[in-house]
Each structure stands twice: as structure tokens, then as C-alpha cells.
> 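Here you go, one structure.
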Amino acid sequence: MPPVTVNGVTISRKAIAAEVQNFPARNPGEGWRAATRALVIRELLLQEARRLNICAEQKADADGRRETEEDAQVRTLIEREVRIPEADDETVRRFYNNNLRRFVTPSLYEADHILIGARRDDNEAFMAARERASSLRTTLASAPERFAALARDCSDCPSASIGGSLGQIGPGDTTPEFEAALIELAPGDISAPVETRYGVHLIRLMRRIDGCQLPFEAVRERIASYLVEHVQRQATAQYLSLLVGQADISGIAIDGSSSPLVQ
């Protein structure tokens, strides 16, 4: 790559090579470009902080680690130059009303299952698990009351000892395939065989507890924090774009703006 400079200041290849470790990428070139871009942006911010004679107090985190003088300058510059409006009640409430589905407690399920364990990479064992689960499903079609007894006798899950009971579970508690099958069941239903990385399952839904709408007061602070963070990211990106647009950068292409962007 050609030499990289920012307003006449060279970003050394040694510095870029050290920075690459912070940017995992699909290939070396992609990681190198990401690291270079980060160092260019940092140099721009430091140059701007020096131009504005930013005096910064170094802060320590919760573990007592003190930030470097340059990190303190960058932080103080952004705090000073990037203005973030507070989210007022009207804005927060409008966001709540427009996104009601985002503020619903997750549904919960009380379910039992029978697991015929098998690894997906063992074709013969997995095929046998399918056949065994299908046979059990046929039995349960005419005698669903036998589910707990069959779970105790046949399931390869530790829950077998309690009739296959998984207790109360919610989103993310099981595999995606298991969850997708579970949400389609009505209380009392027994699923068709469901394949996951653990093997083949039969699932019985005992009870569904539907989620409920959270009141505005319960989520107001969460929404306000989200909106401020969202606006801060946008405003910071626009500020950086303006610095890039006004700078003389060579060796790497970075999009910038020559005038402030309107939010």
C-alpha cells in the first residue's frame, strides 16, 4: 500500500500492523484497511484537539485503569464539539407509540420433550433417531397420556427423570428449531419430530403465557437512553465526516463531507 498521510503526518506501517489485531477480518487486506482508517480518524481527532488547545483530564474506569493523555483529548474533543440534544418526553412517547411491539414481555412456555439423541454427522445414528421418534409419535397419537412415561423410558435428556419436563422456558432458551416448533403448538399439542443438533425431539406444550405490553413509565428511561445514544452515533459520524472532508488525506480513500450535514 502507498504511504498514508493525514495533513502531512505519516501513519507508519508499524503502527498499522500493530492496530490490525483490533480488527478481525475475512482477509488481511480488509483488516489492514480497517486499521488504517481507524488510525487516520484518530490522527484527525488529535490534530483537531491540538488546534483547539483542548485540555483534558485523564479519567479512570471502574477497574482503576487511567486513560492515556491522547484518549482523554479525543474524548474531551467529542464531548465539546458534538452536541447531543436530550430526548424530551414528547419525543420519547412518540417513539414508544410507534414501536409498541418492541415493548412487550416475551411469551413463556411450559413444555415437556422426549429426546432421541444423535449427532448430525453420524448419518446412520441420526436416521435411526428419526425412525425411533416417528414410532413414538405414532404411539402418542393414540395415547397422548403416555408422554411422561415414554419420556422416562426413552428420552436421552436429563429431564427424562421428571417425565421430560423442561419447566418454564422463553425465547433463546432452546435451539432455533426447537423454539420454532414450540411456538406453533397449542396447549396439549404434541409436535411432529423436530431435528436439532442434539438429535430428534417430540415436544408437548403444556401451557403458554403470552407476553404483555409494558407501560410507558416502565420503559421511558430505556427509550431515552437509546435515542440519545442513537443521535450521538449519528452526530459523531457526521462530525468525523466533516473532519475528513476538510483534511488532506493520502494513501487511503475515506468518504467525507466538505460541509456540515443536516440531521
> State plainly whether the residues Arg146 and Asp153 are in salt-bridge range, i.e. N to O under 4.0 Å.
no
> Under the side-chain hydrogen bond (donor to acceptor under 3.5 Å, both in side chains) criterion, do Ser250 and Thr5 qualify, and how do the steps go?
CA-CA 5 Å; Ser250 65; Thr5 63; 2.4 Å; yes
> What's the verdict on side-chain hydrogen bond (donor to acceptor under 3.5 Å, both in side chains) for Gln73 and Glu69, showing C-alpha distance, side-chain angles and the deciding distance?
CA-CA 6 Å; Gln73 284 183 304; Glu69 183 177 350; 5.0 Å; no
> So does Arg197 pair up with Glu177, basic N to acidic O under 4.0 Å?
no
> With a cut-off of 6.0 Å (strictly less than), are more than 12 heavy atoms of other residues, nucleotides or ligands near CZ of Arg102?
yes
> Where the side chain of Glu67 meets the backbone of Lys59, is there a donor-acceptor pair that is under 3.5 Å apart?
yes
> Mind running side-chain contact (heavy atoms from CB on, under 4.5 Å) on Thr105 and Asp210 for me, showing each step along the way?
CA-CA 8 Å; Thr105 60; Asp210 291 327; over 6 Å; no
> Kindly indicate, with the supporting measurements, whether the criterion salt bridge (Lys or Arg N to Asp or Glu O under 4.0 Å) is fulfilled by Glu43 and Arg50.
CA-CA 11 Å; Glu43 178 61 30; Arg50 288 191 286 268; 3.5 Å; yes
> Could you tell me whether the side chain of Glu179 reaches within less than 4.5 Å of the side chain of Pro171, counting heavy atoms only?
yes
> Got a second to check how far Asn99's CG is from Ile223's CD1, nearest 0.5 Å?
8.0 Å
> Between Arg93 and Asp88, does the salt bridge (Lys or Arg N to Asp or Glu O under 4.0 Å) criterion hold? Intermediate values first, please.
CA-CA 9 Å; Arg93 188 174 287 278; Asp88 57 33; over 6 Å; no
> Quick test of your reading of the model: are Arg66 and Asp61 salt-bridged, counting only N-O distances below 4.0 Å?
no
> Are His201 and Thr196 linked by a side-chain donor-acceptor pair shorter than 3.5 Å?
yes
> Just one of Ile254, Leu45, Leu44, Ile78 clears the side chain to side chain contact (heavy atoms under 4.5 Å, CB included) bar with Leu240, so which one?
Leu45
> Does the cation-pi check pass for Arg222 over Tyr96, that is, NZ or CZ under 6.0 Å from the six-membered ring centre and within 45° of its axis?
no
> Determine whether a donor-acceptor pair (N or O, by modelled atom type, separation under 3.5 Å) exists between the side chain of Arg37 and the backbone of Trp32.
no
> In terms of heavy-atom contacts, does OH of Tyr239 have more than 12 from other residues, nucleotides or ligands at under 6.0 Å?
yes
> Less than 4.0 angstrom from a charged side-chain N to a carboxylate O is my criterion; do Glu30 and Arg33 meet it?
no
> I'd like to know if Arg120 pairs up with Glu195 as an ion pair, taking the criterion as any Lys NZ or Arg NE/NH1/NH2 lying under 4.0 Å from an Asp or Glu carboxylate oxygen.
yes
> Just verifying a value: how many Å separate His230 NE2 and Ile84 CD1, rounded to the nearest 0.5 Å?
11.0 Å
> Give me the atom names and distance for the closest heavy-atom approach of Val82 to Ala235.
CG1-CB, 3.5 Å
> Checking the side chain of Arg208 only, and the main-chain atoms of Ser107 only, is there a donor and an acceptor separated by less than 3.5 Å?
no
> So, do Phe216 and Phe103 have ring centers that fall under 6.0 Å from each other?
no
> Any donor-acceptor pair under 3.5 Å linking the side chain of Thr91 with the backbone of Ala87?
no
> Quickly, which of Asp121, Asn123, Asp122 forms a side-chain hydrogen bond (donor to acceptor under 3.5 Å, both in side chains) with Arg119? Name it, please.
Asp121
> Rounded at 0.5 Å granularity, tell me how far CD1 in Ile54 sits from CG in Leu77.
5.5 Å
> Looking at Glu145, I want to see if its CD is surrounded by more than 12 non-hydrogen atoms of other residues, nucleotides or ligands under 6.0 Å.
yes
> Is a salt bridge present between Glu81 and Arg75, judged by a nitrogen-to-oxygen distance below 4.0 Å?
no
> Is there a donor-acceptor pair closer than 3.5 Å between any side-chain N or O of Gln213 and the backbone N or O of Leu100?
yes
